[in-house]
Number of protein chains: 2
Amino acid sequence: MDQQVKKKATIYDLSVLSGSSPSTVSAVLNGTWRKRRIKESTAQTIIGLAELHQYTTNLQARGLRRSRSGLVGLMLPVHDNRYFSSMAQTFEGHVRSRGQCPVVVSASRDPEEERRTAETLISYSIDQLFIVGATDPDGVHEVCEAAGLRHINIDLPGAKAHSVISDNYAGARMLTEAIIRQFGNDDPLRPDELFLFGGRNDHASRERISAFHATKKALLGADPDDGVQSSGYSPDITLRAFEAFYQREGKLPRALFINSSINMEGLLRFMAGRPAEMFSELVVGCYDYDPFGSFLPFPVIMVRQNVEAMITKAFELIDEPPRAPQIFLIAPELIQPRSALKGPLDTLKDVA
Amino acid sequence: MDQQVKKKATIYDLSVLSGSSPSTVSAVLNGTWRKRRIKESTAQTIIGLAELHQYTTNLQARGLRRSRSGLVGLMLPVHDNRYFSSMAQTFEGHVRSRGQCPVVVSASRDPEEERRTAETLISYSIDQLFIVGATDPDGVHEVCEAAGLRHINIDLPGAKAHSVISDNYAGARMLTEAIIRQFGNDDPLRPDELFLFGGRNDHASRERISAFHATKKALLGADPDDGVQSSGYSPDITLRAFEAFYQREGKLPRALFINSSINMEGLLRFMAGRPAEMFSELVVGCYDYDPFGSFLPFPVIMVRQNVEAMITKAFELIDEPPRAPQIFLIAPELIQPRSALKGPLDTLKDVA
DNA sequence: AGTTTCTGCACCATCGATTGTGCAAGCGCA
DNA sequence: TGCGCTTGCACAATCGATGGTGCAGAAACT
């Protein structure tokens with residue numbers, strides 16, 4: 001009790017103190033003691049000692065023995081983004097409520113890094129892995145499969161494991177429609193005035209781009225096929241795309257479909273240092289929701305992916321996976337300009 | 001190689017395959033083999049076999065034996081916020097570059113939860129713990145201390161461990177000054193037109209509020225002491241504070257000092273559904289930086305805390321802690337309206 | 001040849017918890 | 001009294017890696 005840097009108590013310490021065997025102590029402290037027919041009074045003694053000495057289970061030892069760790073992994077592309085960070089927040093809540101410990105790591109959209117990260121987590125014997133927005137989901141799948149680790153894709157689908165993703169086509173259709181409708185009938189948007197920025201060759205971008213084209217054609221009658229400026233998931237590349245466009249055309253389009261909030265940051269970089277008036281007539285649709293983004297000085301229509309529903313579905317699937325890999329679509333929601341929605345933080349208790 | 005759900009290879013498997021003892025295999029694979037005078041050729045054989053069979057070290061076993069895990073913990077209040085998520089992003093980079101594995105978890109600003117979380121992490125034998133914005137840093141300290149775990153406070157200081165925090169006083173002074181200067185000389189701000197919203201009774205809020213008062217007094221000559229509306233770190237409480245103010249006064253103040261981006265979300269909630277014109281004359285200073293927040297339809301001056309510097313300093317301190325607990329101040333930076341700064345994501349390689 | 005010094009590695013206890021198995025004491029019952 | 005059943009627990013192997021120690025054979029030296 002009183003030594004300065006006392007070592008942590010183990011079941012062996014408690015075994016000596018209580019006069020029981022280590023296995024009895026273990027059973028009592030991990031709750032399996034009734035099954036092992038340990039006397040109530042013995043259990044109470046041990047529990048009392050455990051509290052007195054502040055015993056806590058060494059989870060590495062347990063993990064080694066059980067070859068599970070109680071850790072559940074979430075692999076994100078990046079942390080620094082409201083979509084992914086709210087994913088992390090929601091995930092944590094779910095994992096905690098199941099009595100496990102969340103581990104959130106990012107892998108930078110780098111296939112190599114993704115696999116290495118998965119392997120590291122596997123080395124810690126994590127119990128499950130949620131793979132969000134992976135650039136190479138199937139590569140990660142191989143790694144998990146080889147280790148017999150349950151895993152699931154979120155946000156970007158893989159061919160070899162179950163996937164829960166946003167209904168990108170429907171979302172992009174809604175968004176494109178909403179952008180077009182934002183313009184009145186007296187001065188309607190022309191097909192060559194609406195451009196899409198961002199995206200790369202991943203499933204989500206392809207779906208969104210495809211819905212963008214289809215909806216443009218349906219509502220505006222035409223769709224000049226230079227309407228898409230791929231710029232990956234990088235603010236700076238997106239900035240350069242805007243600069244190039246501006247250089248070429250002498251102005252921005254009247255309306256923009258922006259593929260993600262990360263690309264939207266590219267637009268911000270373009271705006272910085274340029275007069276605000278330049279953007280006063282702009283209409284933007286952004287596939288992602290960010291509360292601050294919703295209040296920019298021009299109409300920003302956003303799409304909020306239903307993170308809570310995605311995570312919930314993912315847990316269902318990982319618990320009892322159907323046979324063949326499937327893709328589950330979760331409907332996203334169209335968010336009108338100037339909306340400040342509640343988020344995962346609102347479930348925490350408010351303290352003033 | 002070919003079984004479907006093959007178990008992972010262990011040093012014992014490689015020991016049999018290579019004809020060496022497990023300890024030799026272990027030494028070869030963890031890099032200590034030269035020290036143990038293992039022949040080069042033996043080492044190569046084993047390394048070859050390890051690659052062939054995709055051996056990876058069981059880190060729980062290693063952790064158990066070494067009583068360290070290679071895990072480094074970061075405990076955040078919440079994920080879903082650009083300040084904290086960029087903290088996570090930066091932290092990850094540092095930890096990875098040291099060959100360890102980052103574990104990021106949140107504890108909801110709940111003292112109880114903070115201690116429990118620390119204990120869980122300790123049970124996994126994490127090597128170090130970075131405690132960010134804890135409501136009860138000293139409570140967490142007790143837990144770490146008892147386990148002999150190196151730890152450090154960031155963002156909010158504790159009395160018992162080293163702390164690296166933003167220079168809140170200087171930051172708030174800069175911010176208050178900048179807000180006041182935003183108004184021209186022809187229609188200068190009056191002391192009763194500048195209010196602070198947000199904050200609670202923590203070190204950061206106290207410093208900021210104190211600098212706010214002092215600067216108001218210095219620049220505006222007076223400081224009616226009802227100028228502060230505490231509303232914790234909750235968007236909804238902040239919303240209610242704005243509503244109450246508006247109800248009472250029939251208008252918002254001309255200028256606002258907002259204590260954090262979370263409180264700023266309370267302002268967004270207030271704005272939602274109200275006409276944009278209501279806010280066209282508003283000037284806001286926000287202690288926190290969010291790129292989207294910087295481009296709202298009124299001037300928003302922000303303070304960016306230097307996350308990179310804070311994390312760097314924290315690593316220095318945790319590596320060789322000075323004797324007595326100290327508080328290290330890191331200067332934040334004033335960010336003019338309409339600025340889109342680079343962040344931790346920009347260090348990732350861009351892919352289009 | 002005999003002794004010392006390296007080389008190169010094997011042996012084994014250990015980290016802390018889990019779990020299958022075994023067994024003595026106590027009890028009921030014929 | 002003797003048999004079998006139940007109760008209550010102890011024993012010991014095990015998870016996979018680590019690292020101190022010891023030892024045989026080769027090399028170096030006298």
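Reckoned from all heavy atoms, side chains included, excluding hydrogens, waters and symmetry mates. Fair warning: this is a prediction, and the values are worked out from it, not measured in the lab. Below, read A as the first sequence line, B as the second, and so on, with proteins coming before strands; counting in each chain starts at 1.
B:Gln60 pairs in a side chain to side chain donor-acceptor pair (under 3.5 Å) with only one of the listed residues (A:Ser67, A:Ser125, A:Ser123), which is A:Ser125.
Using a 4.0 Å cut-off between a side-chain N of Lys or Arg and a carboxylate O of Asp or Glu, B:Glu114 and B:Arg109 do not qualify as a salt bridge. The existence of a salt bridge linking B:Lys313 and B:Glu316 is confirmed by a sub-4.0 Å separation between a basic side-chain nitrogen and an acidic carboxylate oxygen.
A donor-acceptor contact under 3.5 angstrom links the side-chain atoms of B:Ser23 to the base of C:dC11.
Aromatic ring pairs are classed by plane angle as parallel below 30°, tilted from 30° to 60° and perpendicular above 60°; the pair A:His94 and A:Phe315 is parallel. Aromatic ring pairs are classed by plane angle as parallel below 30°, tilted from 30° to 60° and perpendicular above 60°; the pair A:His162 and A:Phe328 is tilted.
Between B:Arg65 atom CZ and C:dA13 atom P the separation is 12 Å, expressed in whole Å. Between the OH atom of A:Tyr12 and the P atom of C:dC15 there is a distance of 9 Å, given to the nearest Å. Spacing between atom NZ of A:Lys8 and atom P of C:dG16 amounts to 11 Å, rounded to whole angstrom units. Protein atom CG of A:Leu59 is 18 Å distant from nucleotide atom P of C:dC15, rounded to whole Å. The CG-P distance, from A:Leu64 to C:dT19, rounds to 12 Å in whole Å.
Here the side chain of B:Tyr124 pairs a donor or acceptor atom with the backbone of A:Ser69 at under 3.5 angstrom. Under the 3.5 Å distance criterion, the side-chain polar atoms of A:Thr24 are left unmatched by any main-chain donor or acceptor of A:Ser20.
Taking every heavy atom of residues 25-42 of chain B and every atom of DNA chain C, pairs under 4.0 Å involve B:Arg36, B:Arg37, B:Ile38, B:Lys39, B:Thr42, by number.
With DNA chain D read from its 5' end, the first of the two nearest nucleotides for B:Ala61 and A:Ser20 is the one closest to A:Ser20. Along DNA chain D, the nucleotide nearest to A:Gly19 and the one nearest to B:Ala9 differ in position, and the one closer to the 5' end is contacted by A:Gly19.
Side chains of A:Leu317 and A:Val164 form a contact here, defined as non-hydrogen atoms less than 4.5 Å apart.
Here CD of A:Glu113 is found 5.0 Å from OG of A:Ser108. Values are rounded to the nearest 0.5 Å.
You can see that DNA chain D meets the heavy atoms of chain B within a 4.0 Å-exclusive cut from D:dG16 to D:dT21, reading 5' to 3'.
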